[in-house]
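Start at 1 with the first residue, then count along the sequence.
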Amino acid sequence: MTIIDAVAELEGQLANTRDYWLGWGSADRCDGELTLYRSGVSHPQLNGVLRAGGGIAVEEAVAQARERLAGVPWMWWVGPDSRPGLAEGLAAAGAAEVATMPVMAVALDRVTMPDGPAGLRIEEVTGADALREWVSAYAPSFGVMPDQVEQVTRVEEWRGDEEGAIVRFAGRLDGRVVGTSVLLDRRGVAGIYVVTTREGYRRRGIGAALTAAALQEGRERGLRVATLQASAMGAPVYRRMGFEVVSAYRMFTLPPAAG
């Protein structure tokens with residue numbers, strides 16, 4: 001494995017992102033000219049297309065995606081690893097651009113590592129009961145409904161990542177899990193995901209502390225660059241820690257096929 005040295009090196013960062021979301025493909029997944037994942041959960045972020053390469057026509061990519069993702073809400077990610085002209089082709093097929101998600105990165109020897117509030121205990125998530133509690137904690141931030149928690153927990157259990165590649169962190173305060181984060185050690189990059197804080201506990205540095213826990217784990221593994229996709233709420237926190245915007249994904253939705 002080649003360790004990525006610079007935040008400007010996008011290939012490993014984008015590959016880490018694809019690996020993370022492909023892990024959600026418990027119902028269907030493919031990673032070829034068309035890269036997509038289907039969790040089966042009725043949630044647009046948990047089903048989608050991550051990339052379409054130059055070897056597949058946009059019309060064929062759209063047809064395949066609609067067929068394989070039929071019956072669940074889904075999104076199409078358009079990033080620098082997709083074929084040129086894809087966004088325009090999707091628009092011609094009736095797609096609507098619904099969001100832009102910055103890709104941010106930081107050198108792990110330059111990152112600021114906040115501690116979080118007094119009393120916050122950060123622990124690694126292991127075991128089925130802890131995993132269910134962890135999913136329940138991040139569910140509201142991701143729009144996962146209470147009746148979907150068991151299904152999402154099963155998908156998390158299924159992920160099938162290489163042994164030790166994924167590490168989940170829970171932040172516990174006042175006797176409950178109030179925040180979450182994930183490290184994915186893949187492609188020579190520390191990928192940071194699922195950074196959330198429960199409502200009522202925000203603006204206290206909990207999300208930053210959980211991000212720092214994942215970054216520290218990556219640094220101890222010898223990784224040099226961390227990458228993440230930032231929400232509007234999270235981006236200012238990451239900037240204060242030293243992250244910078246290095247690229248972006250454009251997020252599209254498509255109407256159902258005619259007929």
[Y] backbone acceptor or donor facing [X] side chain under 3.5 Å:
X	Y	result
R110	G242	no
Q216	A213	no
S82	V78	no
R29	R38	no
T197	I206	no
D185	G218	no
H43	F142	yes
N47	L69	no
R154	V149	no
E9	A6	yes

Heavy atoms of other groups near E67 CD, more than 12 under 6.0 Å: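 Atom CD in E67 is not packed in, count stays at 12 or less.
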CD (E11) with more than 12 external heavy atoms under 6.0 Å: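 It does not: E11 CD has 12 such atoms or fewer within range.
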Reference residue E133; test salt bridge (Lys or Arg N to Asp or Glu O under 4.0 Å); the match among R176, R172, R168: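 Among R176, R172, R168, the one that satisfies the salt bridge (Lys or Arg N to Asp or Glu O under 4.0 Å) with E133 is R172.
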Residues D19, R187; criterion salt bridge (charged side-chain N to carboxylate O under 4.0 Å, His left out); working and verdict: CA-CA 9 Å; D19 286 348; R187 312 287 184 155; 2.7 Å; yes
Stepwise salt bridge (charged side-chain N to carboxylate O under 4.0 Å, His left out) check, R186 with D161: CA-CA 10 Å; R186 289 279 290 153; D161 300 284; over 6 Å; no
Ring geometry between W76 and W74 (parallel below 30°, tilted from 30 to 60°, perpendicular above 60°):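 Rings of W74 and W76: tilted, 30 to 60°.
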Parallel, tilted or perpendicular, as decided by the 30° and 60° cut-offs, for the rings of Y20 and Y193: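 Parallel: the ring planes of Y193 and Y20 meet at under 30°.
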Spacing of T112 atom OG1 and Y238 atom OH [to the nearest 0.5 Å]: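 If we round to the nearest 0.5 Å, T112:OG1 and Y238:OH are 14.5 Å apart.
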For S247, all residues meeting side chain to side chain contact (heavy atoms under 4.5 Å, CB included), sequence neighbours excluded: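 For S247 the side chain to side chain contact (heavy atoms under 4.5 Å, CB included) partners, ignoring immediate neighbours, are L10, P80, V103.
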Same apolar cluster: V189 and L108, side chain cutoff 4.5 Å: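 Unlinked, V189 and L108 end up in two clusters.
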Connected via hydrophobic side-chain network under 4.5 Å: M75 and L90: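 No, no single cluster joins them.
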Close aromatic pair by centroid cut-off 6.0 Å: W24 and Y37: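 For W24 and Y37, the ring centres are not under 6.0 Å apart.
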Residues Q229, T17; criterion side chain to side chain donor-acceptor pair (under 3.5 Å); working and verdict: CA-CA 9 Å; Q229 300 90 57; T17 300; 2.9 Å; yes
